[in-house]
Visitor: 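First the structure, then my questions, so here it is.
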Amino acid sequence: MGFSTIAIHAGNDPDSATGAVSVPIYQTSTYAQDGLGEHKGFEYARTQNPTRSALEANIAALEGAKFGYAFASGMAAIDAALKLVVAGDHVLLGDNTYGGTFRLFDKVLKHYGIEFDLVDTTDISSVEQAFKENTKMVFVETPTNPVMSVTDLKAVSELAHARGAKVVCDNTFMSPYLQRPIDFGVDIVVHSTTKYLNGHSDSVGGFVALSDEKDAEHIQFIQNSVGAILSPFDSFLVLRGTKTLAVRMEAHDKNGREVANFLTEHPKIQKVYYPGLVSHPQHELAKRQQTGFGGMVSFETGSLENAKAVLENVRLCTLAESLGGVETLISHPASMTHASVPIEKRESLGITDGLVRISVGIEDVEDIIADLDQALS
Ligand SMILES: *Cc1c(COP(=O)(O)O)cnc(C)c1O
């Protein structure tokens, strides 16, 4: 079956009680039992909820995974995936992951005995050299935020598996429509559903998708034991969002390419970061590994002053953190999403004071370009 058919039908069976075509919001905390130990598979809503189960079946199918678990946020999902390692284990973490992921390692997991090292995962030989005796996991994000570096998922997976380590990929920027990490050997896919999967900037959530039965049992155990579950209402919203994922991602991708081309030709812009441009260092890899380039574009304006002028003069684009919604959002990584990254590290990654990031929405692209054009002038 094709992607859109799966998106619309997986997990979305008509409600058995009423025939409702849309999965109802089962807003309940508990379920009546027929007798002692006799129930319909639902006992308590932290453990099981039909709306959440529908979403879990849906996104697992979209990622080509056997199992899926929905969490209260992307960070809760990432934290659950990291409970597959224990004190004394070492994790290789991409050196340019989402700031919250770095913070989780650096300020939380470290205190529980999880060791980690940062590594440039776009360079396979660096990954190879960084392996230690106790490396049990490699955590990658591709493309990265905001400079859009691309990691070779197949190469990293082969390397890690040969050394007995699992690979986790944060697939938030691409969504399963543009990239399916499990097809390249990745073991566990994590998402912030807050972004493209929900797609409408009106819900915070996260997801873990995987196929290994034993690891899946553990993630489910963690989901129930720790309790950071996605609510029935948010499950409903994300399930509604994924039905249109294919058409939205097509539109984000088309607009993203056009905005990237416009910016490339603009005399006031020094550099554009977008994997769809031939000038991007991993353009060929992105073409092989992704089925599109998506809607995330960053560009260098040269100075904080210039960046500020663009950010404060846009009218249609909204100055805000987050990404992946239908509306175009524009942000300043150095002072917003990456403010906690030390300045030397930030500069070495290309996150300068003049860098501006756009999450290109699905408005008419001429209007987005006209807005950027007037703000730039
Ligand atoms: C937003 C984001 C997260 C965190 O997700 P929340 O839903 O905000 O907790 C993780 N990874 C990436 C790539 C993100 O963009």
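Numbering of ligands and ligand atoms starts at 1, following listing order.
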Visitor: With nothing but distance in play, are any N or O atoms of Met75 less than 3.5 Å from an N or O of ligand 1?
Guide: yes
Visitor: For Gly205, counting its heavy atoms only, list the atoms of ligand 1 lying under 4.0 Å from any of them.
Guide: 7 (O)
Visitor: What atoms of ligand 1 come within less than 4.0 Å of a heavy atom belonging to Asp170?
Guide: 10 (C), 11 (N), 12 (C), 13 (C)
Visitor: Could you measure the distance from the CE atom of Met174 to the CE atom of Met249? Nearest 0.5 Å is fine.
Guide: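 Those atoms lie 6.0 Å apart.
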Visitor: Does the N or O separation between Glu141 and ligand 1 drop below 3.5 Å for any pair?
Guide: no
Visitor: If you look at every heavy atom in Ile219 and Ala81, which pair is closest and at what distance?
Guide: CD1-CA, 3.8 Å
Visitor: Got a second to check how far Gln33's CD is from Lys40's NZ, nearest 0.5 Å?
Guide: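 One gets 10.0 Å once the value is rounded to the nearest 0.5 Å.
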Visitor: Give me the residue, atom name and distance of the protein heavy atom closest to atom 4 (C) of ligand 1.
Guide: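 For atom 4 (C) of ligand 1, the nearest protein heavy atom is Tyr98 CE2, 3.4 Å.
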Visitor: Quick one: closest heavy-atom pair of His191 and Ala77, and the distance?
Guide: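 Looking at all heavy atoms of both residues, the closest pair is O-CB, 4.2 Å.
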Visitor: Pairs of nitrogen or oxygen atoms closer than 3.5 Å, one from Thr101 and one from ligand 1: do any exist?
Guide: no
Visitor: For ligand 1, is there an N or O atom under 3.5 Å from any N or O atom of Gly74?
Guide: yes
Visitor: Is it possible for you to check whether Lys110 lies under 6.0 Å from the centre of the six-membered ring of Phe102, through NZ or CZ, and within 45° of that ring's axis?
Guide: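 Judged by the rule, Lys110 and Phe102 form no cation-pi pair.
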Visitor: Heavy-atom contacts with Ser73 under 4.0 Å: which atoms of ligand 1 show up? List them by number with element.
Guide: 7 (O), 9 (O)
Visitor: Could you tell me how the ring of Tyr274 sits relative to the ring of Phe293: parallel (under 30°), tilted (30 to 60°) or perpendicular (over 60°)?
Guide: perpendicular
Visitor: Do Val140 and Ile188 belong to the same hydrophobic cluster, where Ile, Leu, Val, Met, Phe, Trp and Tyr are linked whenever their side-chain heavy atoms lie under 4.5 Å apart, directly or via other members?
Guide: no
Visitor: What protein heavy atom sits nearest atom 1 (C) of ligand 1, and how far off is it?
Guide: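 The answer is Lys195 NZ, 1.4 Å.
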